[in-house]
Amino acid sequence: MSDDSKALNFIEHIVEEDLANNFPKEQLRFRFPPEPNGYLHIGHASSISLNFGLGLRYNAPVNLRFDDTNPAKEEQEFVDAIKKDVKWLGYTWDTERYASDYFQQLYDWAIYLIKNEKAYVDNQSSEEMAAQKGTPTQPGTNSPNRDRSVKENLALFNQMKNGEFEEGTHVLRAKIDMTSSNMLMRDPIMYRVLHKAHHRTNTDWCIYPMYDWTHGESDYIEQVSHSFCTLEFAMHRELYDWFLDQVYDAKKVRPKQREFARRNLSHTVVSKRKLAQLVENGVVDSWDDPRMPTISGLRRRGYTPESIRNFTETIGIAKRDNLIDVSLLEFQVRNHLNKVAPRVMAVLDPLKVVITNYPEGEEEWLDAENNPEDESAGSRKVPFSREFYIEKEDFREEANKKFFRLKLGKEVRLKNAYIIKAESCTKDTDGNIIEVQCTYDPKSKSGSGTEESLRKVKGTLHWVSIKHAVEAEVRLYDRLFTDESPDTHKDKDFLEFINPDSLQVIKGFLEPHLKDAKIGDRVQFQRLGYFCVDTDSSSEKLVFNKTVGLRDSWAKIAEK
RNA sequence: UGGCCCAUGGUGUAAUUGGCAACACUCCGGUUUUUGGUACCGUCAUUCAAGGUUCGAGUCCUUGUGGGCCAACCA
């Protein structure tokens, strides 16, 4: 998976440098630390690939750690979903950890800080504390409670822990520097009172540690050597280090925080909060709606773990702002599915064709190759008869030379079958073409080896015998947002850019063996794209999702 | 008015740490093809700007310009 010949990203350079400076390779340890307050998305995939990729590269353990310090937002449902997604992506964690496992240790350390006069209880309102905080250009002022005695702080903190105070009335603060140019160093809050049940510790605690107090210490407890997070935490590093300094034992590994830029994908949002809004507002059906950029949404859409991993590898890791074009993601699914997806025929916008010189009532089962990219995939039989469907857009009464498909008086090959010639067509009262009459060349059967079968005709069409067709619901997806970067407009909310046509549900006609398709099966509808069987599918009602279309150079020609 | 981070083709990353700007995608053009798919070939940047150091600068220095981040009892 990690190829030594491949260029290193800046994170890997940092690790290499540490190794070169005699950091013991056996002490390398990483972690992936999601908060269980939502589902993982494509942005997390980068972080997952980075951390687990590092683990694979250096044969080092990687912990899955849930950053569960806020019981108001976190749920077991999310823990389960996150574990499922990481596994599905193909990664294995060393141990499953929870920040909540460390509540007692964190509490003990907090007492230690109080005793060292590095922390104090503040019982001002949040408004008062905010006022004292100052601004980025103006220093803050000290809290009147900053010089409380150790004894008093200990007593108050104990009361906080024992549930004697209401939420919002008391906090424990680190005593650092109210004049620091880094706002986070202006006596940050370590603990707040929250009378809420936690999904793991239930009501054991009513004081909960804040992120900054928890994260670095958790890394330290787990002896994580390198702690990678996104750029918005860069300013937190100073605080991360300060908290570590308070408890650090020089004989142990001292975790190092470094930051990388979060990956932004075009035409979507990559923020748990905003994705949650899409679900709550009913813009999509669920977190795993196939239009969502969540791991579960991509899975349901038909993406493979390999394609997502290859995507994260090709987009890399860096520190600059970015907006990754979805085409890089789409390329990876096509690339993988091209190798593994069986080819089948399906008509999504049917036009009836009748072969006037083909015997009525007769049918033939023709050989069809399952995958030209994979000989071992073998072949199957497809039924052919006098009446079948082709796509409406594959027929025109007349068209110019660039149109290789069926037109009156011209020939076209039916994939795996015969060469046919359009003779005439019939229309309804509105002038819509409703049927095309053709003749076929009986000697032109695919694979028969006859001179006629070897004839070259410019176009080849997919088709489905009407009598044998299996019907299915087919869900076609378009990008969720009309703007390539919907959440970067100062004057407009991202919800204003919702694409109203992101989902189109149609009826498709499939070749018969597809009636046994199972949920999750991925196939290529030839000439159309890759599709997979949706979780809503059943034996009574087949449901397919369009994963991604094939590259379509005809569409580009047709536009001109 | 402060602090921190960043700047390489249309997009995303590289560049043996000072030595011929590379890879993938996209776009455009072509070859092959019983998928207008796949595969294959080709075109597309003197690295934000201006100075400086150097035999030599994407890489180091200075200044400027542009962008992002920083004041939740969120993570």
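The figures here come from the full heavy-atom set of this structure, side chains too, leaving out hydrogens, waters and symmetry mates.
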Side chain A:E369 and base B:U34 donor-acceptor under 3.5 Å: no
Inter-nucleotide C1' distance (B:G18, B:G37), Å rounded: 47 Å
Examine B:A75: is either OP1 or OP2 under 4.0 Å from a nitrogen or oxygen in the side chain of A:T69? Give yes or no. yes
Give a yes or no on whether a donor-acceptor pair under 3.5 Å exists between the nucleobase atoms of B:U35, that is its base, and the side chain of A:R527. no
Taking atom C1' in both B:G30 and B:G36, compute the distance separating them and give it to the nearest angstrom. 14 Å
Geometric class of the A:F103/A:W205 ring pair [parallel <30°, tilted 30-60°, perpendicular >60°]: perpendicular
Taking donor-acceptor contacts at under 3.5 Å, does the side chain of A:R413 reach the base of B:U35? no
Distances under 3.5 Å between protein N/O atoms and the N/O atoms of nucleotides 19-25 of chain B, please, pair by pair.
{"unit_1": "B:C25", "atom_1": "O2'", "unit_2": "A:S327", "atom_2": "OG", "d": "3.4"}

Hey, which of A:K415, A:R343, A:R527, A:E511 is the one that makes side chain to side chain donor-acceptor pair (under 3.5 Å) with A:H462? A:R527
Establish, with yes or no, whether the OP1 or OP2 oxygen of B:C6 is under 4.0 angstrom from a side-chain nitrogen or oxygen of A:K319. yes
Phosphate-side-chain proximity, A:K556 and B:C27, N/O vs OP1/OP2 below 4.0 Å: yes
Please determine if a side-chain N or O atom of A:H215 lies less than 4.0 Å away from the OP1 or OP2 oxygen of B:C74. no
Taking Watson-Crick (N1-N3 plus N6-O4 or O6-N4) and G-U wobble (N1-O2, O6-N3), each under 3.5 Å, can you produce the dot-bracket string of RNA chain B? Use [ ] for crossing pairs and | for inter-strand ones. .((((((..((((.....[..))))..((((.......)))).....(((((..]....))))))))))).....
If you apply the rule ring pair (Phe, Tyr, Trp, His ring centres under 6.0 Å), what do you find for A:F311 with A:Y303, and how did you get there? CA-CA 11 Å; A:F311 170 71; A:Y303 275 74; 8.8 Å; no
Say you pick atom P in B:A57 and the same atom in B:G51; how far apart are they, in whole Å? 14 Å
Would you classify A:Q124 as touching base, sugar-phosphate or nothing, given that sugar-phosphate means primed atoms plus P, OP1 and OP2, and contacts are heavy atoms under 4.0 Å? base
Can you classify the ring geometry of A:Y418 versus A:F384 as parallel (below 30°), tilted (30 to 60°) or perpendicular (above 60°)? tilted
Under 4.0 Å between a side-chain N or O of A:R192 and OP1 or OP2 of B:C74? yes
In Å, rounded to the nearest 0.5 Å, how long is the span from NE2 of A:H236 to CD of A:Q257? 8.5 Å
Using a 6.0 Å cut-off, check whether atom NZ of A:K161 has over 12 heavy atoms from anything other than its own residue. yes
List the steps, then state whether ring pair (Phe, Tyr, Trp, His ring centres under 6.0 Å) holds for A:H215 with A:Y211. CA-CA 6 Å; A:H215 204 92; A:Y211 165 84; 5.0 Å; yes
A:F525 vs A:F544 aromatic rings, parallel, tilted or perpendicular, using cut-offs 30° and 60°? tilted
Answer yes or no: does atom NZ of A:K133 have more than 12 heavy-atom neighbours from other residues, nucleotides or ligands under 6.0 Å? yes
Under 4.0 Å from OP1 or OP2 of B:U13: is there any side-chain N or O of A:R263 that close? yes
Checking A:Y208 against A:Y191 for the ring pair (Phe, Tyr, Trp, His ring centres under 6.0 Å) test, could you report, in this order, the C-alpha distance in whole Å, the side-chain angles of both residues, the deciding distance, and whether it holds? CA-CA 5 Å; A:Y208 289 91; A:Y191 276 94; 8.9 Å; no
Show me the protein contacts with nucleotides 67-70 of chain B, counting only N or O atoms at under 3.5 Å.
{"unit_1": "B:G68", "atom_1": "O4'", "unit_2": "A:D321", "atom_2": "OD2", "d": "3.1"}

Counting any heavy atom closer than 4.0 Å, what does A:P34 reach on the DNA or RNA strands: base, sugar-phosphate only, or nothing? nothing
Mind checking the P distance from B:U16 to B:U34? Whole angstroms is fine. 46 Å
With a cut-off of less than 4.0 Å, is there a side-chain N or O of A:K456 near OP1 or OP2 of B:U34? yes
Does the side-chain ring of A:W554 lie flat on the base of B:G36, meaning centres under 5.5 Å and planes less than 30 degrees apart? yes
Given B:G12, B:G36, B:U38, the nucleotide with the shortest approach to the side chain of A:E373: B:U38
A:N310 and A:H336: side chain donor to acceptor below 3.5 Å: no
Using the C1' atom as the reference point in each nucleotide, state the distance between B:U26 and B:G9 in Å, no decimals. 11 Å
What's the CG-P distance between A:L337 and B:U38, to the nearest Å? 13 Å
Write down the distance between NE2 (A:H198) and P (B:A75), rounded to a whole number of angstrom. 10 Å
At under 4.0 Å between heavy atoms, what does A:I317 touch on the DNA or RNA strands: base, sugar-phosphate, or nothing? sugar-phosphate
Can you find an N or O donor on one side and an acceptor on the other, under 3.5 Å apart, linking the side chain of A:E238 with the base of B:G3? no
Give the ring-plane orientation class for A:Y107 versus A:F157, where under 30° counts as parallel, over 60° as perpendicular and anything between as tilted. parallel
From CG of A:D367 over to P of B:U34, roughly how many Å is that when rounded to an integer? 17 Å
Short question: side chain of A:T230, backbone of A:E232 - any donor-acceptor pair under 3.5 Å? no
State whether a side-chain donor-acceptor pair under 3.5 Å links A:S180 with A:N182. no
May I ask you to verify if any side-chain N or O of A:R551 is less than 4.0 angstrom from the OP1 or OP2 atom of B:U38? yes
Checking B:U34, B:U11, B:A75 against the side chain of A:D325 (C-beta onward), the nearest is B:U11
Atom P, compared across B:G67 and B:U1: separation rounded to whole Å: 15 Å
Would you mind classifying the nucleic acid contact of A:N416 as base, sugar-phosphate or nothing, using non-hydrogen atoms under 4.0 angstrom? base
Can you tell me whether the base of B:U63 sits syn or anti, using the 90° cut around 0 to define syn? anti
Out of B:U1, B:C6, B:G36, which nucleotide sits closest to the side chain of A:T137? B:U1
Measure from CG on A:N37 to C1' on B:C74 and round the result to the nearest Å. 9 Å
With heavy atoms under 4.0 Å as the rule, sort A:A318 into base, sugar-phosphate or nothing. sugar-phosphate
Nearest-Å distance once atom P is located in both B:A15 and B:U59: 14 Å
Before giving the answer on side chain to side chain donor-acceptor pair (under 3.5 Å), spell out for A:R309 and A:S49 the whole-Å C-alpha distance, their side-chain angles and the decisive distance to 0.1 Å. CA-CA 7 Å; A:R309 276 191 261 121; A:S49 288; over 6 Å; no
When you check the phosphate oxygens OP1 and OP2 of B:U34, does a side-chain N or O of A:R455 lie under 4.0 Å from one of them? no
Specify the separation, in whole Å, of atom CD1 of A:I390 and atom C1' of B:G36. 15 Å
I'd like to know if A:E222 and A:R65 make a salt bridge, using a cut-off of under 4.0 Å between side-chain N and carboxylate O. yes
Closest to side chain of A:D67, choosing from B:U34, B:G37, B:A75: B:A75
Could you check how far CD of A:E484 sits from C1' of B:U26, rounded to whole Å? 13 Å
Whole-angstrom distance between B:A49 and B:G58, as gauged at atom P: 11 Å
A:M210 has a side chain; which of B:C73, B:U35, B:U1 sits nearest to it? B:C73
